[in-house]
Participant: 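The structure follows.
Chain letters run A, B, ... following the sequence lines, proteins first and then strands; every chain starts at 1. Keep in mind that what you see is a predicted model, and the values were worked out from it rather than measured.
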Amino acid sequence: MKTMQNELLEWYAKNHRDLAFRKDQDAYKIWISEIMAQQTRIEAMLPYFERFLILFPNLTALANADDEALHKAWQGLGYYSRCRNLKKCAIECMKRFHGELPKTKAELKTLPGIGEYTAGAIASIAYKEKVSAIDGNVIRVFSRLYDIQEDVTSIKTRRKIESLVDRSLVQPIDQYNQAIMELGALICIPKVPKCSACPIREFCQASDPASLPIKPEKKKRKKEKKVLYVWVHDGRVHLNKRKATGLLANMYEFDEKLPAHYESVVSLGEYTHIFSHVEWEMQANLVYTNKEDSGFYAMDEIENEIALPSAFKPFYERLKEVIFDEEKN
DNA sequence: AAATCGGGGTG
DNA sequence: CACCCAGATTT
């Protein structure tokens with residue numbers, strides 16, 4: 001029988017991407033991949049996924065992970081509370097679930113970092129529980145399938161879509177849930193959907209799919225100006241650890257003031273870093289200090305052990321050039 | 001319900 | 001430039 005689900009499953013079997021975290025059905029790997037994929041393009045998280053599994057191959061290793069090593073493994077991926085929640089979750093699983101991930105969506109949802117979507121994804125993909133896993137792709141696909149001309153971020157519309165998805169669920173549930181997401185990622189994409197290549201176009205009610213889903217306007221970002229001072233003494237660089245809450249919590253940063261004693265200052269140029277809700281307009285200066293204090297690190301330490309956010313990367317690269325030039329002379 | 005939390009790819 | 005991405009959590 002020709003149903004939306006059958007067409008979708010058939011398309012998925014032939015056309016899905018060959019992704020590393022689909023190689024086996026290990027719940028641990030699926031969990032890690034789902035957390036990494038939150039608000040992150042699959043291609044962007046793949047290299048992190050491979051490296052992370054070598055460093056932290058199982059729940060026990062993750063529960064015992066060194067916090068700095070964990071942040072270093074996540075460096076550049078963003079939303080760093082995700083990796084802290086991974087460790088918290090691993091510890092809770094040791095205590096509450098005999099050292100394993102629980103197997104139901106309801107139990108998974110009680111763990112740190114695992115919300116409605118991720119719980120459904122793990123339960124359905126790893127354990128074949130017949131539950132939904134509604135991410136941005138699924139919202140887009142269903143808003144178009146049913147021509148939903150409402151703000152999809154409202155609770156009411158969200159419930160409506162959930163209901164539609166729930167009624168559509170079929171076995172094999174792991175394949176079906178991933179098929180909807182894959183369609184959203186490859187065919188039913190934002191702005192310019194590839195409807196002519198869509199396996200379920202005959203089931204789609206959207207008259208203007210490019211205009212869906214409807215979302216509220218985004219607020220403008222605030223701008224903040226920062227002047228950074230990169231203290232250098234004897235080829236070593238001073239870094240501060242940021243506070244444990246808020247933006248880039250627990251990550252390292254350059255100073256925002258001059259040291260008590262210094263010899264000279266050299267500009268490292270300007271760079272504007274854009275976050276979701278704020279924009280940092282930065283200018284940085286290299287400052288040669290004549291006193292060694294605590295908190296100075298060698299370049300290879302920074303390279304291998306220190307979690308420096310991408311916001312500071314351009315200045316770090318310029319710093320490397322300067323220090324390398326000095327060593328040559 | 002709205003704000004917060006990263007970073008990068010894309011039109 | 002704006003938008004969005006296999007969202008969760010806090011306010």
Participant: Write down the distance between CE (A:M251) and P (B:dG6), rounded to a whole number of angstrom.
Facilitator: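 Going from A:M251 (CE) to B:dG6 (P), I get 8 Å.
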Participant: Less than 4.0 angstrom between a side-chain N/O of A:H273 and OP1 or OP2 of B:dG7, yes or no?
Facilitator: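 For B:dG7, OP1/OP2 do have a side-chain N/O of A:H273 under 4.0 Å.
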Participant: Measure from the side chain of A:K218, starting at C-beta and using heavy atoms only, and say which of B:dG6, C:dA6, C:dC4 lies closest.
Facilitator: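 The nucleotide sitting nearest to the side chain is C:dC4.
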Participant: Look at all strands and tell whether A:Y48 reaches a base, only sugar-phosphate, or nothing, counting heavy atoms closer than 4.0 Å.
Facilitator: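 Since no nucleic acid heavy atom lies under 4.0 Å of A:Y48, the category is nothing.
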Participant: Write down the distance separating the P atoms in C:dA6 and B:dT4, rounded off to the nearest Å.
Facilitator: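 Result for the P pair: 24 Å, nearest Å.
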Participant: Is there side-chain contact between A:W11 and A:I200, with at least one heavy-atom pair below 4.5 Å?
Facilitator: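 Heavy-atom side-chain distance check fails, nothing below 4.5 Å.
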Participant: Taking atom P in both C:dT11 and B:dG6, compute the distance separating them and give it to the nearest angstrom.
Facilitator: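 C:dT11 and B:dG6 have their P atoms separated by 15 Å.
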Participant: Taking atom P of B:dG6 as reference, at what distance in whole Å does atom OH of A:Y271 sit?
Facilitator: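 For the pair A:Y271 OH and B:dG6 P, the rounded distance is 14 Å.
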Participant: Given B:dT4, is OP1 or OP2 found less than 4.0 Å from the side-chain N or O atoms of A:S276?
Facilitator: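 For B:dT4, neither OP1 nor OP2 has a side-chain N or O of A:S276 closer than 4.0 Å.
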Participant: Would you mind classifying the nucleic acid contact of A:L19 as base, sugar-phosphate or nothing, using non-hydrogen atoms under 4.0 angstrom?
Facilitator: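 Base, at least one base atom sits under 4.0 Å.
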Participant: With a cut-off of less than 4.0 Å, is there a side-chain N or O of A:Q38 near OP1 or OP2 of C:dG7?
Facilitator: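 No, no such contact exists.
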Participant: Can you find a side chain N or O atom of A:R82 that sits less than 4.0 Å from OP1 or OP2 on B:dG6?
Facilitator: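 Negative; the distance criterion is not met.
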Participant: What nucleotide among C:dT9, B:dG6, B:dG8 has an atom nearest to a side-chain atom of A:N85?
Facilitator: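 Within the option list, the nearest is C:dT9.
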Participant: Base, sugar-phosphate, or nothing: which does A:E43 touch, judged by heavy atoms less than 4.0 Å apart?
Facilitator: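 Nothing, no heavy atom under 4.0 Å.
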Participant: Quick check on B:dG7: is either OP1 or OP2 less than 4.0 Å from any side-chain nitrogen or oxygen of A:T40?
Facilitator: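 Negative; the distance criterion is not met.
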Participant: Which nucleotide sits closest to the side chain of A:R221: C:dA2, C:dC5, C:dA6?
Facilitator: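 The closest nucleotide is C:dA2.
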Participant: Using whole Å, what does the distance between atom C1' of nucleotide C:dC5 and atom CE of A:M181 come to?
Facilitator: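 Rounded to whole Å, this separation is 13 Å.
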Participant: Rounding to an integer number of Å, can you tell me how far A:N137 CG sits from C:dA6 P?
Facilitator: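 Distance, rounded to whole Å: 5 Å.
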Participant: Quick check on C:dC5: is either OP1 or OP2 less than 4.0 Å from any side-chain nitrogen or oxygen of A:K215?
Facilitator: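 Yes, A:K215 has a side-chain N/O under 4.0 Å of OP1/OP2 on C:dC5.
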Participant: Could you pick out which residue, A:A37 or A:K191, lies toward the 5' side of DNA chain C when each is mapped onto its nearest nucleotide?
Facilitator: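 Going by which nucleotide is closer to the 5' end, it is A:K191.
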Participant: Heavy atoms only, 4.0 Å cut-off, all strands: where does A:R140 land among base, sugar-phosphate and nothing?
Facilitator: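 Sugar-phosphate only.
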Participant: Hey, which sits more toward the 5' end of DNA chain B by its nearest nucleotide, A:K222 or A:S310?
Facilitator: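 Of the two residues, A:K222 wins.
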Participant: Any side-chain heavy atom of A:F203 sitting closer than 4.5 Å to one from A:E7?
Facilitator: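 Yes - at least one pair of side-chain heavy atoms lies under 4.5 Å apart.
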Participant: In whole Å, what is the span from the CZ atom of A:F275 to the C1' atom of B:dC5?
Facilitator: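 After rounding, the reported distance stands at 10 Å.
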Participant: Which comes earlier along DNA chain B counting from the 5' end, the contact point of A:I155 or that of A:Y79, where each point is its nearest nucleotide?
Facilitator: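 The answer here is A:I155.
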Participant: Quick one: is A:H277 getting a side-chain N or O under 4.0 Å of the B:dC5 phosphate, OP1 or OP2?
Facilitator: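 Answer yes for this pair, as a side-chain N or O of A:H277 is under 4.0 Å from OP1 or OP2.
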Participant: I'd like to check A:F312 versus A:H273 (side-chain heavy atoms, cut-off strictly below 4.5 Å). Are they in contact?
Facilitator: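 No; the side chains remain at least 4.5 Å from each other.
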Participant: Check the distance between B:dG8's P and A:I274's CD1 and give it to me in whole angstrom.
Facilitator: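 The answer, rounded to whole Å, is 11 Å.
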Participant: Tell me the interatomic distance from A:K194, atom NZ, to B:dT10, atom P, rounded to whole angstroms.
Facilitator: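 My rounded result for the distance is 11 Å.
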Participant: Is a salt bridge present between A:E321 and A:R318, judged by a nitrogen-to-oxygen distance below 4.0 Å?
Facilitator: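 Salt bridge absent between A:E321 and A:R318.
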Participant: Would you check if A:M45 and A:S33 make a side-chain contact, meaning some heavy-atom pair closer than 4.5 Å?
Facilitator: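 The answer is yes; the side chains approach within 4.5 Å.
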Participant: Within the structure shown, what part of the strands sits under 4.0 Å from A:L77 by heavy-atom distance: base, sugar-phosphate, or nothing?
Facilitator: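 Base contact.
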Participant: So if I apply the salt bridge (Lys or Arg N to Asp or Glu O under 4.0 Å) rule between A:D67 and each of A:K72, A:K87, A:R84, A:K241, which one comes out positive?
Facilitator: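 Of all the options given, the one that passes is A:K87.
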Participant: What class does the angle between the rings of A:F296 and A:W231 fall in, given that below 30° is parallel, 30 to 60° is tilted and above 60° is perpendicular?
Facilitator: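 Tilted, since the angle between the ring planes falls between 30° and 60°.
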Participant: Between the base of C:dA8 and the side chain of A:R84, is there a donor-acceptor distance below 3.5 Å?
Facilitator: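 Check fails, no donor-acceptor contact within cut-off.
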Participant: Which whole number of Å gives the distance between the P atom of B:dG8 and that of C:dA8?
Facilitator: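 One P to the other, the span is 22 Å.
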Participant: Of A:E34 and A:P112, whose closest DNA chain C nucleotide lies nearer the 5' terminus?
Facilitator: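 Comparing both residues, the 5'-ward one is A:E34.
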Participant: Identify whether any heavy atom of A:G184 sits under 4.0 Å from a base atom; if not, whether one sits that close to sugar-phosphate; answer base, sugar-phosphate or nothing.
Facilitator: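 Contact class for A:G184: none.
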Participant: Specify the separation, in whole Å, of atom CG of A:N250 and atom C1' of B:dC5.
Facilitator: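 Checked: the CG to C1' distance equals 14 Å.
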Participant: Hey, does A:T153 reach any base, or is it just sugar-phosphate, or nothing, if we go heavy atoms under 4.0 Å?
Facilitator: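 A:T153: no heavy atom of the nucleic acid under 4.0 Å.
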